[in-house]
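Beneath this line is the structure, given in structure tokens, with notes to follow.
Counting starts at 1 for both ligands and their atoms, following the listed order.
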Amino acid sequence: MSNELAQATWPSIAEAPLVLVPLGSTEQHGPHLPFGTDTMIASAVAAQVAAGLADEGLVVVVAPALPFGASGEHQEFPGTVSIGTEALTRVIIELVRSLSTWAGRIVLVNGHGGNLAALTASMPQLINEGHLVAWAPCAAVGADDHAGLTETSLLRHLAPELVDLAAAAPGVMAPMSTLIDRLDAEGVRAVSPNDILGDPTDATAALGASLMNEMTEGVRRRILADSTDARGCLRDPVPAALRSSASVAASSGTHPQRFSRSA
Ligand SMILES: [Zn+2]
């Protein structure tokens, strides 16, 4: 039986299940990836995590993904739809309040870094209200930031028919730490005219499959460890230095290492 809430009937909902809610975005991802990139990645990770946990005997439900997030830094590009941090914070609070009436535990699976401020803002209030809620990033060691090697490889694995590899070109390669102030103030276009942060040209489906497994295993570990930090984020019990790093291994020597971040 499917564990997708959208395909279930109410009598089939077990008592107090773990509910996974994928959080995505509808924002442009360079000239070669679709607007639903973050949503597709978060949905795929949540589905794969749920399948794995169900095999271990946990009762898991995957809620429909939230396709709108906080993407103001991409608003200059046509097609981007953002509800902003304030509205997203409110949406997360109301979703969790509603889910809590029947869910045993709620984990938001985040696929878009721009949603972090809303997650961080909503968690203290929700935890204060007594909801059993936390969130986990779709993270990979050495992942680049936006529409680069990481996301392009993931999409070549998940939805190759939606990737226009001929349009893929290197974007800005500077570390996010040197770009973030200007990016926040002026938007992505100010730091990268093609809106790519990283280099997608070497992306492969095989790397995407490996990244998907790394992200899935990370979220699974965090859920099973069940320990949250001050931002409501589930901690990874495995130290960063010991984690597998598909993208770093694939790009060693040709790409500078980037810090880990959900894109
Ligand atoms: Zn993205």
Query - Side-chain ion pair, Glu94 and Arg90, N-O less than 4.0 Å - result: yes
Requested in this report: Give a yes or no answer on whether the side chain of Ser192 reaches the backbone of Arg189 with a donor-acceptor pair at less than 3.5 Å.
Outcome: no
Query - Thr89: which of Ile92, Val91, Thr85 passes side-chain contact (heavy atoms from CB on, under 4.5 Å) - result: Thr85
Report task. Please determine if Arg97 and Glu129 form a salt bridge, counting it only when a charged side-chain N lies under 4.0 Å from a carboxylate O. Result -> yes
Requested in this report: Looking at His29, pick out the N, O or S atom nearest to the Zn ion (ligand 1) and give its name.
Outcome: NE2
Query raised in the report: About how large, to 10 degrees, is the angle OD1 of Asp38, then the Zn ion (ligand 1), then OE2 of Glu151?
Result: 90°
Requested in this report: Look at His146 and state whether any of its N, O or S atoms is less than 2.8 Å from the Zn ion (ligand 1).
Outcome: no
